[in-house]
Structure formats: structure tokens, C-alpha cells
Amino acid sequence: MIPQVTPEQAAQVIKRKPSTIYLDVRSEDEFRAGHPQGAYNVPVVFFDAARRPIANPVFDRVVQAAFARETPLLVGCQSGVRSQHAAERLRSLGFAEVSNVAGGFGGSPAARGWRDSGLPVERGDPEGRAYADLEKRG
């Protein structure tokens, strides 16, 4: 069972335990448009021209190369659905401290997202935390 945390709880965890990583599993375009301050980006899926999701074939390898299995991970997406799937995959890879950010960045009918919670947001591709940089490591 993957623990569920609100964006506010995720922000508190990051504040209390700075080694915690917010892993944004949305697309690169979504990430560039806005993401939690300090987040890293590794898309769990890509979308084809018809907006059908296609699993990122190197997701596991890139995350394993970027983060130690002991790293606490808060996994978020736009609403909490893709991140739940990613969190389950990460747990199966041996990451012990994995939580899903319910409501993700943009929110869902059941939960408010990071952006609307008034939490710190940044835009663009921060060097070293963007998918292109992380993929090079993996």
C-alpha cells in the first residue's frame, strides 16, 4: 500500500527532511509549465499524437541511476493518478520510502493540488533536475 499525502503534507516532509525528493512524473512540457520548487522530472509515460499514454521505457533505469533506494520520494503528477502508478513501480524496484502526492500539481475532484495550495512553484527546466539531464545519467 502506497501512503497518500496532501501537497501541504509533502511540503512539510520536505521541510523537515531535506533529503526527500519530490519526483514529478508528468511530461516534460507539463513540468516546464510549472512544478513544485525543487522537484525533479522523470515522466512515467509519454503521449503520442492522439494523446494516448505510452510507458516511458527507461523510467526505471533513469530513476535508479538518479536516486539511491534509501532516498525518500514524494511522487506527484497532475492529479495523482500517474504518480500512484509510478509510486507502485518504484516500490517494486526496492525504493522503501515512497508516497503518492494526492491531488498532484493541478488537483483532482477529490484533492487540491500543489499549485492551488499556495506552495512554492517554479517554471522551466532547472539544470540537473530536468528529465534530459537525469536521462543522461541513466
Side-chain angles (χ1 to χ4, degrees):
M1 182 100 173
I2 303 295
Q4 304 294 306
V5 298
T6 66
E8 293 90 349
Q9 290 168 328
Q12 285 302 312
V13 168
I14 293 167
K15 192 175 191 178
R16 280 193 322 270
K17 193 173 186 179
S19 63
T20 302
I21 298 294
Y22 188 109
L23 180 60
D24 190 324
V25 297
R26 296 178 301 153
S27 72
E28 293 171 274
D29 288 341
E30 289 172 299
F31 183 76
R32 275 192 289 281
H35 53 269
Q37 186 176 15
Y40 287 75
N41 179 231
V42 180
V44 69
V45 297
F46 298 113
F47 293 98
D48 67 12
R51 295 287 303 153
R52 289 181 300 241
I54 300 164
N56 178 349
V58 297
F59 177 81
D60 297 352
R61 180 172 50 83
V62 172
V63 174
Q64 288 176 311
F67 308 109
R69 286 195 173 91
E70 302 78 36
T71 304
L73 297 173
L74 297 164
V75 186
C77 63
Q78 185 64 20
S79 66
V81 177
R82 284 177 278 175
S83 56
Q84 176 66 33
H85 170 71
E88 290 168 2
R89 285 180 62 183
L90 293 168
R91 180 66 63 80
S92 74
L93 292 172
F95 286 88
E97 279 190 72
V98 179
S99 297
N100 183 48
V101 180
F105 184 74
S108 71
R112 186 170 55 195
W114 184 281
R115 178 187 57 218
D116 297 331
S117 295
L119 297 167
V121 171
E122 61 185 353
R123 288 171 175 56
D125 272 346
E127 191 170 321
R129 294 186 282 124
Y131 178 60
D133 296 320
L134 296 173
E135 188 180 25
K136 289 175 192 171
R137 292 189 212 170

Peer 1: Compare every heavy atom of Val101 with every heavy atom of Ala10, then report the nearest pair and how far apart it is.
Peer 2: CB-CG2, 4.2 Å

Peer 1: What pair of heavy atoms forms the shortest contact from Pro36 to Phe105, and how long is it?
Peer 2: CD-CD1, 3.6 Å

Peer 1: Quick one: side-chain contact (heavy atoms from CB on, under 4.5 Å) partners of Arg52, sequence neighbours excluded?
Peer 2: Asp48, Ala50

Peer 1: Return yes if some donor-acceptor pair links the side-chain N/O of Trp114 with the main-chain N/O of Gly103 below 3.5 Å, else return no.
Peer 2: no

Peer 1: List in chain and number order the residues that pass side-chain contact (heavy atoms from CB on, under 4.5 Å) with Asp116, two or more places apart in sequence or in another chain; answer none if no residue qualifies.
Peer 2: Arg112

Peer 1: Keeping the roles fixed (side chain from Ser108, backbone from Ala110), state whether a donor-acceptor pair exists under 3.5 Å.
Peer 2: yes

Peer 1: So, taking the atom named CZ in Arg16 and the one named CD in Gln9, what distance separates them when rounded to the nearest 0.5 Å?
Peer 2: 9.0 Å

Peer 1: Between the main-chain N or O of Arg26 and the side-chain N or O of Asn41, is there a donor-acceptor pair closer than 3.5 Å?
Peer 2: yes

Peer 1: State, to 0.1 Å, how close Leu119 and Glu8 come at their nearest heavy-atom pair, and which atoms those are.
Peer 2: CD1-N, 3.9 Å

Peer 1: Sequence neighbours left out, what passes salt bridge (Lys or Arg N to Asp or Glu O under 4.0 Å) with Lys15? Give chain and number order.
Peer 2: none

Peer 1: What heavy-atom pair brings Cys77 and Arg82 nearest, and what distance separates the two atoms?
Peer 2: SG-N, 3.5 Å

Peer 1: Identify the residue among Arg137, Lys136, Glu135 that makes a side-chain contact (heavy atoms from CB on, under 4.5 Å) with Val62.
Peer 2: Glu135

Peer 1: Would you name the heavy atoms of Val63 and Leu90 that are closest together and state the gap between them?
Peer 2: CG1-CD2, 3.4 Å

Peer 1: Would you compute the distance between atom CZ of Arg129 and atom OH of Tyr22 and round it to the nearest 0.5 angstrom?
Peer 2: 13.0 Å

Peer 1: Atom OG in Ser79, atom CD in Gln84: separation rounded to 0.5 Å?
Peer 2: 11.0 Å

Peer 1: Shared ILVMFWY cluster between Phe31 and Phe59, side chains joined below 4.5 angstrom?
Peer 2: no

Peer 1: Test your reading of the model: is there a side-chain donor-acceptor pair from Gln4 to the backbone of Ile2, 3.5 Å cut-off?
Peer 2: yes

Peer 1: Aromatic ring centroids of Phe95 and Phe67 under 6.0 Å?
Peer 2: no

Peer 1: Mind checking salt bridge (Lys or Arg N to Asp or Glu O under 4.0 Å) for Arg32 and listing every partner two or more places apart, or none if nothing turns up?
Peer 2: Asp29, Asp125

Peer 1: Please identify each residue that fulfils side-chain contact (heavy atoms from CB on, under 4.5 Å) with Ser99, with sequence neighbours left out.
Peer 2: Pro3, Val5, Leu74

Peer 1: Indicate the atoms forming the closest heavy-atom contact of Ala86 with Val25, along with that distance.
Peer 2: CB-CG1, 3.9 Å

Peer 1: Please say which of Arg91, Lys17, Arg69 ends up in a side-chain hydrogen bond (donor to acceptor under 3.5 Å, both in side chains) with Glu97.
Peer 2: Lys17

Peer 1: Counting N and O atoms only, with roles assigned by atom type, does the side chain of Asp133 sit under 3.5 Å from a partner on the main chain of Glu127, one being a donor and the other an acceptor?
Peer 2: no

Peer 1: Do Val81 and Phe46 land in one hydrophobic cluster if side-chain heavy atoms of ILVMFWY residues count as linked below 4.5 Å?
Peer 2: no

Peer 1: Is there a path of hydrophobic side-chain contacts, each under 4.5 Å between heavy atoms of I/L/V/M/F/W/Y residues, joining Leu23 to Val45?
Peer 2: yes

Peer 1: With sequence neighbours excluded, tell me which residues meet salt bridge (Lys or Arg N to Asp or Glu O under 4.0 Å) with Glu88.
Peer 2: none

Peer 1: Quick one, Asn56 with Val44, criterion side chain to side chain contact (heavy atoms under 4.5 Å, CB included). Give me CA distance, side-chain angles, the key distance, then yes/no.
Peer 2: CA-CA 5 Å; Asn56 178 349; Val44 69; 5.8 Å; no

Peer 1: Decide whether Ile21 and Tyr131 are clustered together by the hydrophobic rule: side chain heavy atoms of Ile, Leu, Val, Met, Phe, Trp, Tyr closer than 4.5 Å, transitively.
Peer 2: yes

